[in-house]
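Remember, predicted model here, so these are calculated numbers, not experimental data. Along the sequence shown, residues are numbered consecutively beginning with 1.
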Amino acid sequence: MVWIFRASSFFLLITTLLPLLSTGKWYVRWWDFPRLQLACLLFVAMSIAAFAVVKTSGQKPIFSEPMIWMTLLAAAFFWQSSHIIRFSPIWPKEIPDSVVNR
């Protein structure tokens, strides 16, 4: 079961890092678009890693494998969220709404 978590977390981290490459290949640029879905999956994986950290908190040193996974997944989650938040109602508008005179 642990290898499924490791493989899926590695896949999510790779798909977060791929758009940073400056190439026009479709299989790289494709990962620019499902940011909301990747952020949701990263949040789920980060929650699982956080549960593993809490479960093993008294038994292992601070730099345990679940803690490293949780840190990497949290960084990827916040990176994806930084791209998503610009399109949310929370972000201020650059151009004000137009007023229709009738």
Side-chain angles (χ1 to χ4, degrees):
M1 206 58 161
V2 174
W3 66 271
I4 293 173
F5 171 76
R6 288 179 184 146
S8 60
S9 295
F10 183 74
F11 174 75
L12 290 170
L13 291 172
I14 291 297
T15 56
T16 298
L17 293 175
L18 272 177
L20 297 175
L21 296 175
S22 60
T23 180
K25 303 288 185 183
W26 68 268
Y27 50 85
V28 173
R29 294 281 62 100
W30 189 80
W31 295 108
D32 281 331
F33 300 102
R35 292 196 187 272
L36 180 62
Q37 292 85 349
L38 287 172
C40 291
L41 291 173
L42 282 164
F43 184 77
V44 169
M46 188 174 55
S47 300
I48 293 170
F51 178 73
V53 167
V54 169
K55 187 177 175 185
T56 62
S57 62
Q59 302 166 0
K60 294 185 180 181
I62 189 80
F63 295 112
S64 63
E65 183 184 1
M67 183 60 120
I68 293 170
W69 279 113
M70 190 181 77
T71 305
L72 291 173
L73 292 168
F77 173 76
F78 287 117
W79 175 259
Q80 294 290 359
S81 297
S82 72
H83 289 283
I84 296 168
I85 197 162
R86 292 184 229 160
F87 302 102
S88 71
I90 309 169
W91 200 258
K93 294 181 181 178
E94 291 182 19
I95 301 173
D97 292 336
S98 65
V99 177
V100 178
N101 294 326
R102 290 190 181 195

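Taking CD1 of I84 as the start and CG of L36 as the end, the distance is 5.0 Å to the nearest 0.5 Å. Taken from OG in S47 to CG in L42, the straight-line distance is 10.5 Å, to the nearest 0.5 Å. Distance CD/Q37 to CG/L12: 12.0 Å, rounded to 0.5 Å. Atom CZ of F33 and atom CG of L38 lie 12.5 Å apart (nearest 0.5 Å). Here the straight-line distance linking atom CH2 of W30 with atom OG1 of T15 works out to 9.0 Å at 0.5 Å rounding. Annotation: the span from S81 atom OG to R86 atom CZ amounts to 11.5 Å, rounded to 0.5 Å.
Here the closest non-hydrogen pair linking P66 and A52 is CB-CB, 3.8 Å. Of all heavy-atom pairs between L73 and M46, the closest is CD1-N, 3.9 Å.
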Would you check, one step at a time, whether the test side chain to side chain contact (heavy atoms under 4.5 Å, CB included) holds for K93 with D97?
CA-CA 9 Å; K93 294 181 181 178; D97 292 336; 3.0 Å; yes
For the pair W69 and L13, evaluate side chain to side chain contact (heavy atoms under 4.5 Å, CB included) and give the outcome as yes or no after the intermediate values.
CA-CA 10 Å; W69 279 113; L13 291 172; 3.7 Å; yes
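V44 and M67 fall within the same hydrophobic cluster, defined by Ile, Leu, Val, Met, Phe, Trp and Tyr side-chain heavy atoms under 4.5 Å apart, directly or through other members. Residues L17 and M70 fall into different hydrophobic clusters, defined by Ile, Leu, Val, Met, Phe, Trp and Tyr side chains chained together at heavy-atom separations under 4.5 Å. Hydrophobic clustering (ILVMFWY, side-chain heavy atoms < 4.5 Å, transitive): W26 and L21 are in one cluster. F51 and F77 sit in two unconnected hydrophobic clusters of ILVMFWY residues. Membership requires side-chain heavy atoms under 4.5 Å apart, directly or through other members.
Between R35 and W79, the closest side-chain pair of non-hydrogen atoms falls below 4.5 Å. Proximity of L20 to W31: side-chain heavy atoms (C-beta onward) are nowhere separated by under 4.5 Å.
Between the side chain of R29 and the backbone N or O of P19, at least one donor-acceptor pair lies under 3.5 Å. Remark: side-chain polar atoms of S9 are not paired, donor with acceptor, to backbone N or O of R6 under 3.5 angstrom.
Applying the side chain to side chain contact (heavy atoms under 4.5 Å, CB included) rule to I85 yields the partners S88, W91; only residues at least two apart in sequence or on another chain are considered.
The number of heavy atoms from other shown groups lying within 6.0 Å of CZ (F43) does not exceed 12.
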